Amino acid sequence: MRSFLAAAALLAATGAEALNVHGYVDANLNASLVPEVLAQSYSYIVVGGGNTGAALAARLSEDTTKTVLLVEAGTSQISNPGVSVPGLAGSTFLSEVDWAFSTTPQANAQGRSVYWPRGKMIGGSSGLNFLAYTRGHKSEYNSIAWLSRDASWSWRNLLPYFKKSESFSTPGPNTENVTREFDASVHGTSGPVAVSYPPYISEQFAGGFFDGLEQEGVPVDIDLSDGASSGVSWSASTQSPENVRQTSDNAYIAPAVSARSNLVVLTSAMATKITWSADKLNGSVVASGINLVATASNTTILTATASSEVILSAGSIQTPQLLELSGVGDSSILNPLGISTVVNLPGVGANLQDHPAIVLVQKLKPGFVTLDGLAGDRLNQALADYAAGSGILTQELSTLAYLTGKQFLTPAEQKQLAKLVLQPSTQLPASQQAQQLLQIAAGAPIIEFLPINTYFGPSAGVANESYISLAACLQHSFSRGSIHISTTNPLTPPAIDAAYLQHPADRYILSRAGKFLRQLAVNSTLTSFVESENEPGLSVETDAEWESWVEGAVRTEYHPVGTAAMSLQNESGVVNSHLQVYGTANVRVADLSILPVHVSAHPQSLAYAIAEKAADLILG
Ligand SMILES: Cc1cc2nc3c(=O)[nH]c(=O)nc-3n(C[C@H](O)[C@H](O)[C@H](O)COP(=O)(O)OP(=O)(O)OC[C@H]3O[C@@H](n4cnc5c(N)ncnc54)[C@H](O)[C@@H]3O)c2cc1C
Ligand SMILES: *[C@@H]1O[C@H](CO)[C@@H](O)[C@H](O)[C@H]1NC(C)=O
Ligand SMILES: *[C@@H]1O[C@H](CO)[C@@H](O)[C@H](O)[C@H]1NC(C)=O
Ligand SMILES: *[C@@H]1O[C@H](CO)[C@@H](O)[C@H](O)[C@H]1NC(C)=O
Ligand SMILES: *[C@@H]1O[C@H](CO)[C@@H](O)[C@H](O)[C@H]1NC(C)=O
Ligand SMILES: *[C@@H]1O[C@H](CO)[C@@H](O)[C@H](O)[C@H]1NC(C)=O
Ligand SMILES: *[C@@H]1O[C@H](CO)[C@@H](O)[C@H](O)[C@H]1NC(C)=O
Ligand SMILES: *[C@@H]1O[C@H](CO)[C@@H](O)[C@H](O)[C@H]1NC(C)=O
């Protein structure tokens, strides 16, 4: 007690703020503390303790003259093995830590609704993802800088923020004895997020997929973090050298909570809207805080107040939902729902871009180890191996390939694609299309190929058989979808129209990518591992058959962005380059919804970089 008082006196002397109630408070488990939590005033409220939001809240709390409330609908899952063990990624799909959204029936994909998992926990989707750590191509960041008219978002200027978040470990030994090179100059070594390479590499990945692509003439890219992704590579992973998954929970928030008393992490609490002050500031609306509900059955609307800023980090799906519920959005969408428009901002929820994916499935010859049918004794053995630092559960993805059109299309196909990408579309802003063409010219990859160590199809494999799934994921969709509310009930998910295959270039690239992966399976070093093709199956052969199969198979690589784009206001922008929502005095967005155009990467690295940069912007 005495040392506590001494510390408090010291903090007071330096202008530090200590909150009476601080640390983790769960709106259900600690319901009696909630009134006191909400009676406290905060400098900043961060809505959504996901990949970006939890990292941002932790950084903001480093300024001990400020107080921070982080509001998260889920709870901490640090001790959930489905989260912490890399090879168990995917096992938490459809569980309580998954929002389990679905798209609307897709007009160009045979009317199917597509399942969209998203993380509902502290750490958000960083706790549900497949751990791959990549950054994309510098031309994509230069596009983001151009579209936001701010050079501070260029590759060169953002790189320090990637490094600030990262603690990179040199690759250690691995089961296939492959040499994994890297470029030390692009990695950080003292940030919160441990990035390392899994010790286990499947032989069908190394001798099959990786070598097979090399045989097809694809170059080896030593490091997918260097801003020049091109070729087949060994992928780094957000896991510690002890193979524990890194999320913005264990990397950022948990250490911040134990170090500081100016931070409250309110879990099982869902923000329902931003509340507004009666008076405007200089013509802009001023947020006073948020409304929220505990996620259990008590739906009484509660209020939290922010003296300085409200920051939305609810992700690409729920950030536009919250803006619209708060009256910020396209008035022609808000008015029919009876929501009065606070700021008419048509870009909210527009401009949705995903990485659409197709997945081929090949049955392996007997004897290869995969995650298929991992249950019972085999699972127990795998968990024991994991505890000893080895085996298949220490990895999730280990090799990825990012290819330009030249690297996988025939010359005739390249010519055809060059025509298709010029086709205008009403949904695609001309400025974005122009940027995407510049990216292609600059050598940015258009497709990603990745092998998955199990039957990753719509149906399950046959027991006792093992499979390799080969995904092709479009990196720069020319289609543009939307995410809008369809009701004023904040507990009803918004309508997600992914607009898959809206633009003909998308269908073309994915179908030709499918053909290429088939070729890899039947005529490369991969062939010696493969017994037969389950999906789509050899009856799909002609270009027309591939295209129609793609319509029935297209799904998500789980990378939606763009629904609160950082662009000029007259170019469907929602936030300016300081992440401030147009027409508001003190509301920002910090999550992947701000990307005006996509990057050719698994984007969690960028969510961390955005958090780091946002903290600098906010704290000045
Ligand atoms: C299955 C899957 C696999 C993936 N694989 C990879 C990969 O291997 N590598 C990679 O780099 N990326 C991967 N990604 C993508 C990456 O994880 C996400 O793009 C990224 O984590 C998104 O970060 P975010 O901060 O924008 O949103 P999120 O991390 O989704 O955070 C949003 C948070 O807000 C909370 N929230 C939402 N609404 C409210 C509300 N109203 N009130 C309170 N809280 C709210 C949510 O619960 C969530 O915690 C994958 C994603 C998924 C889903
Ligand atoms: C919240 O409730 C949990 C479970 O009852 C308890 O362990 C924890 O100490 C409580 N937290 C606080 C801040 O009182
Ligand atoms: C890797 O190297 C070790 C030690 O030389 C050897 O025993 C093992 O067979 C090698 N593994 C592969 C897959 O080549
Ligand atoms: C008010 O807006 C004007 C014009 O946009 C700007 O020059 C001024 O700095 C603003 N004042 C404040 C207090 O933000
Ligand atoms: C619901 O929460 C409110 C606000 O905390 C409280 O006043 C009310 O008693 C609660 N209702 C029930 C049924 O627990
Ligand atoms: C399949 O696996 C089950 C459970 O491990 C086992 O009992 C059965 O014999 C196996 N069948 C074949 C054909 O290998
Ligand atoms: C298989 O690949 C080789 C080169 O790797 C090529 O020469 C041959 O034509 C291919 N065969 C088929 C059937 O495509
Ligand atoms: C938007 O405004 C900027 C100047 O502020 C201008 O350069 C740009 O051309 C405008 N874009 C459109 C689509 O009108």
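As a basis for the values below, the full set of heavy atoms in this structure was taken, side chains included, without hydrogen atoms, waters or symmetry mates. The structure presented is a predicted model; accordingly, all values stated were derived computationally and were not measured.
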Between [X] and [Y] (side chain of the first, backbone of the second, donor and acceptor by atom type, cut-off under 3.5 Å), is there such a pair?
X: R112; Y: A109; answer: yes
X: S248; Y: T52; answer: no
X: S331; Y: T341; answer: no
X: S61; Y: V68; answer: no
X: H559; Y: E557; answer: yes
X: R118; Y: Y558; answer: yes
X: Q318; Y: S316; answer: no
X: S605; Y: T134; answer: yes

Just by distance, no angles: are the side chains of [X] and [Y] close enough, under 3.5 Å, to form a donor-acceptor pair?
X: E36; Y: N20; answer: yes
X: T275; Y: S288; answer: yes
X: T238; Y: Q246; answer: no
X: Y161; Y: D616; answer: yes
X: H598; Y: H355; answer: yes
X: E324; Y: S326; answer: no
X: D63; Y: T65; answer: yes
X: N489; Y: T487; answer: no
X: S268; Y: D26; answer: yes
X: N282; Y: S284; answer: no
X: S154; Y: N142; answer: no
X: D354; Y: T556; answer: yes
X: Q427; Y: S479; answer: no
X: S572; Y: N351; answer: no
X: D98; Y: Y115; answer: yes
X: D150; Y: S577; answer: yes
X: N157; Y: S152; answer: no
X: N291; Y: T303; answer: yes

- Do R507 and E551 sit within salt-bridge range, that is, some charged N less than 4.0 Å from a carboxylate O?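 Here R507 pairs with E551 in a salt bridge, since their nearest N and O are under 4.0 Å apart.
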
- Carboxylate-amine/guanidinium proximity below 4.0 Å for R588 and E309: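 Yes, charged N to carboxylate O under 4.0 Å.
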
- Plane angle bin for F130 and F93 - parallel if under 30°, tilted between 30 and 60°, otherwise perpendicular: parallel

- Task: List the steps and the verdict of side-chain contact (heavy atoms from CB on, under 4.5 Å) for Y24 and V257.
- Result: CA-CA 7 Å; Y24 294 106; V257 163; 3.7 Å; yes

Contact check, side chains of [X] and [Y], non-hydrogen atoms, under 4.5 Å:
X: M566; Y: L595; value: no
X: R59; Y: P192; value: yes
X: L322; Y: V47; value: yes
X: V421; Y: Q436; value: no

Looking only at heavy atoms, what is the nearest atom pair of [X] and [Y], with distance?
X: S165; Y: F162; answer: OG-O, 2.9 Å
X: L281; Y: A585; answer: CD2-CB, 4.0 Å
X: D279; Y: V286; answer: O-CG2, 3.7 Å
X: A498; Y: T103; answer: CB-CG2, 4.1 Å
X: L70; Y: G49; answer: CD1-CA, 3.6 Å
X: T247; Y: G127; answer: CG2-CA, 3.7 Å

- Task: Check the pair T319, D591 against side-chain hydrogen bond (donor to acceptor under 3.5 Å, both in side chains), reporting the backbone distance first and the verdict last.
- Result: CA-CA 8 Å; T319 284; D591 58 33; 2.6 Å; yes

- So which pairs with a foot in residues 316-337 pass ring-ring contact (aromatic ring centres under 6.0 Å, His included), sequence neighbours left out?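 Counting only pairs at least two positions apart or across chains, no ring-ring contact (aromatic ring centres under 6.0 Å, His included) contact touches residues 316-337.
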
- Any pair with a residue in residues 265-298 that passes ring-ring contact (aromatic ring centres under 6.0 Å, His included), sequence neighbours left out, goes on the list, sorted by first then second residue, please. none

Only counting residues at least two apart or in another chain, list the ones meeting side chain to side chain contact (heavy atoms under 4.5 Å, CB included) with [X].
X: A107; value: none
X: A444; value: H137, S139, E140, Q439, H476
X: P458; value: E535
X: Q569; value: L345, Y582

- Step by step, would you call N129 with Q604 a side-chain contact (heavy atoms from CB on, under 4.5 Å)? CA-CA 9 Å; N129 71 23; Q604 63 173 334; 3.0 Å; yes

- Item | CD (Q423) with more than 12 external heavy atoms under 6.0 Å | yes

- Over 12 foreign heavy atoms within 6.0 Å of CH2, W146: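 It does not: W146 CH2 has 12 such atoms or fewer within range.
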
Of [options], which meets side-chain contact (heavy atoms from CB on, under 4.5 Å) against [X]?
X: Q77; options: D249, N250, V97, I122; answer: V97
X: Q321; options: I485, I483, L312; answer: I485
X: R480; options: H503, Q433, Q353; answer: Q353

- When rounded to the nearest 0.5 angstrom, what is the spacing between CD1 in I618 and CG in L579? 7.5 Å

- Aromatic ring proximity, centroids under 6.0 angstrom, W155 and Y141: yes

- Task: Kindly determine whether K66 and E17 satisfy salt bridge (charged side-chain N to carboxylate O under 4.0 Å, His left out), including the steps that lead there.
- Result: CA-CA 6 Å; K66 303 294 195 315; E17 295 282 343; over 6 Å; no

- Message: Test side-chain hydrogen bond (donor to acceptor under 3.5 Å, both in side chains) on Q106 and D497; report intermediate values, then the result.
- Response: CA-CA 7 Å; Q106 293 295 288; D497 180 4; 3.2 Å; yes

